[in-house]
Amino acid sequence: MRPPPLPLWLPLLLHLGAAAPPAGPSQDQLPAPQNPEIWLYNAQQVLRWGPVSLSNETRPVAYQVQFTFPASSTWMDVNGRNSPIMVNCWGILATECDFTPAGLSLDFLGFPMHFNVSLRVRAELETRTSAWVAAPWFQHYRNVTIGPPENIVVTPGKGSLFITLSPPFNISAPSPVTFSYYVHYWENPGNPQVKGPIHSNLIVLKDLKPLTVYCLQVRAELFWKLQNIARPGHLSNETCHKTEADASTRFQQGILIAVATFLSLAGVAGSCLFVILKYRGLIKHWFHTPPGIPVQIEEYLKDPAQPILEALDDSSPKEDPWDSVSVILCPEKE
Ligand SMILES: *[C@@H]1O[C@H](CO)[C@@H](O)[C@H](O)[C@H]1NC(C)=O
Ligand SMILES: *[C@@H]1O[C@H](CO)[C@@H](O)[C@H](O)[C@H]1NC(C)=O
Ligand SMILES: *[C@@H]1O[C@H](CO)[C@@H](O)[C@H](O)[C@H]1NC(C)=O
Ligand SMILES: *[C@@H]1O[C@H](CO)[C@@H](O)[C@H](O)[C@H]1NC(C)=O
Ligand SMILES: *[C@@H]1O[C@H](CO)[C@@H](O)[C@H](O)[C@H]1NC(C)=O
């Protein structure tokens, strides 16, 4: 389907729109503040803008802030008297206006977080003012950046980890939004797994390997059901924890150690026996070769008159001490 053609009067409207604001700062007009932006992080609501500086001016430039909601047809001054914004940003020298609700104080609530808020700011010097500059509209729950959960406490259990946490920021009791949580965890080293969403402040990672180090990070997600908006939050810092041994592991460990000890002893004994039985002749041959050959050869070389060849003679019938050694090691032999 082709898009509908643009109405013929649109260029005219755009032209009028562009011509509407005064063309550039006149002698009586101050330059406007630059790029006003709302900073929304957890419960923080701060409007910031670039300062206006006048080269030949020693007196300070002040700023004025106004707000409006779509439902209200007028702009209202942020002058500390307009509820619900009991903040004063009228004639201030700072280049920001902080609307963040302060604790539980009821006369300092900030903008309701589901409201659609528009803000604008202008510069002021004595009787002169700049044009208004509008910041993009915002709804706190729609535009907020969510930090990691707070007060994360991890308690190792038997083959498990218990995690308690608090939300990144407090939301008032009947609220249109909810927080859920995701745990990213992995055996160290290992591939990460994700558990969530969990709608509780207590999270249990079960069926973990006992006595194993796991690392984890947690993040919150804000969900605004009515608007179907999900705001994923930042991951918390990585922490690592060792799970405890569970009862069956302790039992298994005991058994394992016993079995391993037994097996290794039996293995040593068995292989000893096996080697002796299988390579009896060879061993005899090796061991029969006197260990001090080099020395003896050395001596022989020094004094070839010595009867070394006799000593090396395998078939010497006089005595065969290695047979008796074999008998001691393996009494059941032959
Ligand atoms: C600053 O300079 C501008 C022109 O450069 C002039 O129009 C303005 O009046 C001056 N302001 C003051 C306070 O002298
Ligand atoms: C919020 O208000 C602005 C300006 O009135 C409007 O353009 C925008 O569509 C509104 N947003 C919502 C989600 O209603
Ligand atoms: C808030 O989000 C809407 C889109 O969801 C966007 O149009 C608007 O510009 C955002 N406001 C700010 C201040 O980022
Ligand atoms: C949330 O509220 C509780 C008291 O209700 C307070 O102790 C806590 O500090 C608040 N948390 C934040 C992030 O403001
Ligand atoms: C997370 O780590 C960064 C840098 O390692 C540190 O600055 C920050 O304070 C940590 N945050 C918390 C909540 O511990």
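One-based numbering, in listed order, for ligands and for the atoms of each. The structure displayed is predicted, hence computed values, not measured ones.
- Within ligand 3, the atoms closer than 4.0 Å to a non-hydrogen atom of Ile38 are 13 (C), numbered from 1 in the order shown.
- Trp39 and Gln44 are linked by a side-chain donor-acceptor pair at a separation below 3.5 angstrom, with hydrogens and angles left out of the test.
- Among all non-hydrogen protein atoms, the one lying nearest atom 10 (C) of ligand 2 is Asn116 ND2, 2.4 Å.
- At the shortest separation from atom 1 (C) of ligand 5 among protein heavy atoms lies Asn237 ND2, 1.4 Å.
- When distances from atom 7 (O) of ligand 5 to the protein are checked, no heavy atom turns up under 4.0 Å.
- For an aromatic pair to be called close, the ring centres must be under 6.0 Å apart, and Phe169 with Phe179 satisfies this.
- For atom 14 (O) of ligand 5, the nearest protein heavy atom is under 4.0 Å away.
- Counting all heavy atoms, side chain and backbone alike, Ser166 lies closest to Asn201 at CA-ND2, 4.3 Å.
- Residues Gly80 and Met86 come closest through the heavy atom pair O-CE, 3.6 Å.
- Counting protein heavy atoms under 4.0 angstrom from atom 4 (C) of ligand 5 gives zero.
- Heavy-atom distances between Arg142 and ligand 2 reach below 4.0 Å in at least one pair.
- A pairwise comparison of heavy atoms in Thr239 and His241 identifies OG1-NE2, 2.8 Å as the closest pair.
- A cation-pi geometry, defined here as NZ or CZ lying under 6.0 Å from the six-membered ring centre and within 45° of its normal, holds between Arg120 and Trp75.
- Set against the non-hydrogen atoms of Gln139, the atoms of ligand 2 under 4.0 Å away are 13 (C).
- Atoms of ligand 3 found under 4.0 Å from any heavy atom of Asn143, numbered from 1 in the order shown, are 1 (C), 2 (O), 3 (C), 8 (C), 10 (C), 11 (N), 12 (C), 14 (O).
- Here the closest heavy-atom approach between residue Lys242 and residue Pro156 is recorded as O-CB, 3.2 Å.
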